[in-house]
Amino acid sequence: MITVKHTNELTSKELIDILKERVKVFVVEQNCPYQEVDDDDYDDLHVCLTENSRLEAYTRIIDKGDHITFGRVLVVKEFRKNGLGEKIVAATIDEIKQRFPQQPIQIQAQAYLQKFYEQFGFKAISDVYLEDNIPHLDMLLKF
């Protein structure tokens, strides 16, 4: 089941489950110490794919004013290789189209995922650069 909630709509359990998985993936698995929980978390939308109240995949959507972005895309380790990455990204794009019609979506994608995002219509708009020592590039999707 896909749910989309603003930060202040999340239960404490939902918020802690999300933050635990984000830290597990983006800090521990990627061996990348950085401030994973940030000020955007106060005022963003959390897209969760759950089954039996268990988080399986996640993204967050942030309104940047002139464009919308999403990130922190993750699939919980034991649910990987089941197509959930495609499912959560497609649901995220659909939610953005519904809530922010005609707004472009600009993301900072890990460089190795460029082809993954291209299948949704994203185009690279920057060269590869290092963000927290991980190669990234900016990508844009216009409607």
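Heavy-atom basis, side chains included; hydrogens, waters and symmetry copies ignored.
Listed by first then second residue, pairs satisfying salt bridge (charged side-chain N to carboxylate O under 4.0 Å, His left out) with a partner in residues 2-19 read K5-E14, K13-D17, not counting sequence neighbours. The salt bridge (charged side-chain N to carboxylate O under 4.0 Å, His left out) analysis of residues 108-136, with sequence neighbours excluded, yields no pairs. Screening residues 9-47 for ring-ring contact (aromatic ring centres under 6.0 Å, His included), with sequence neighbours left out, gives H46-Y58. Here salt bridge (charged side-chain N to carboxylate O under 4.0 Å, His left out) pairs that include residues 62-74, with residues two or more places apart or in two chains, are E36-R72, D38-R72, D40-K64. Applying the salt bridge (charged side-chain N to carboxylate O under 4.0 Å, His left out) definition to pairs two or more places apart or across chains, those involving residues 93-111 are E95-R99. Counting only residues at least two apart or in different chains, side chain to side chain donor-acceptor pair (under 3.5 Å) contacts with residues 134-143 comprise Y129-D138.
With sequence neighbours excluded, the residues forming a side chain to side chain donor-acceptor pair (under 3.5 Å) with H6 are N8, D43, listed by chain and number. When the ring pair (Phe, Tyr, Trp, His ring centres under 6.0 Å) test is applied to F143, no partner is found at least two apart in sequence or on another chain. Under the side chain to side chain contact (heavy atoms under 4.5 Å, CB included) criterion, Q102 pairs with no residue at all, not counting sequence neighbours. Scored by the side chain to side chain contact (heavy atoms under 4.5 Å, CB included) test, E29 finds V25, K77, R80 as partners (sequence neighbours excluded). Partners of K20 under the side chain to side chain contact (heavy atoms under 4.5 Å, CB included) rule, at least two apart in sequence or in another chain, are I16. In terms of the side chain to side chain contact (heavy atoms under 4.5 Å, CB included) criterion, residue partners of Y112 (sequence neighbours excluded) are, by chain and number, Q110.
Between I105 and F100 there is no side-chain heavy-atom pair separated by less than 4.5 Å. Counting only heavy atoms from C-beta outward, the side chains of I61 and T92 approach each other to under 4.5 Å. A 4.5 Å side-chain heavy-atom check between R60 and V47 finds every atom pair outside the cut-off. Residues I68 and P104 form no side-chain contact, since every pair of their non-hydrogen atoms from C-beta on lies 4.5 Å or further apart. Side-chain contact between P135 and L130: present, with at least one pair of heavy atoms (C-beta onward) separated by less than 4.5 Å. By the 4.5 Å heavy-atom criterion applied to side chains, D41 and V37 are counted as neighbours.
In this structure, F120 and Y117 have tilted ring planes: the angle between them lies in the 30° to 60° band.
Here the closest non-hydrogen pair linking D44 and I62 is CB-CG1, 3.9 Å. Considering all non-hydrogen atoms of both residues, Q114 and A124 come closest at NE2-CB, 3.8 Å.
For the pair Q106 (side chain) and F70 (backbone), a donor-acceptor distance under 3.5 Å is absent. In this structure, the side chain of Q30 does not engage the main chain of V27 through any donor-acceptor pair within 3.5 Å.
To the nearest 0.5 Å, atom SG of residue C48 and atom CD1 of residue I2 are 8.5 Å apart. In this structure, L45 CG and I96 CD1 are separated by 9.0 Å, a value rounded to the nearest 0.5 Å.
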Start with the C-alpha distance between T50 and E56, add both sets of side-chain angles, then the distance that settles side chain to side chain contact (heavy atoms under 4.5 Å, CB included), and finish with yes or no. CA-CA 5 Å; T50 57; E56 294 185 357; over 6 Å; no
Please evaluate residues L49 and K87 with respect to the criterion side chain to side chain contact (heavy atoms under 4.5 Å, CB included), reporting the C-alpha separation (whole Å), side-chain torsions for both, the decisive distance (0.1 Å), and the verdict. CA-CA 9 Å; L49 190 158; K87 188 172 182 177; 3.6 Å; yes
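Follow the hydrophobic side-chain contacts under 4.5 Å out from L140 and you never reach I107; the two are in separate clusters. I134 is not connected to F122 by any chain of hydrophobic side-chain contacts under 4.5 Å among Ile, Leu, Val, Met, Phe, Trp and Tyr, and they are in different clusters.
Ion pairing between R54 and E51 fails under the 4.0 Å rule for side-chain N and carboxylate O.
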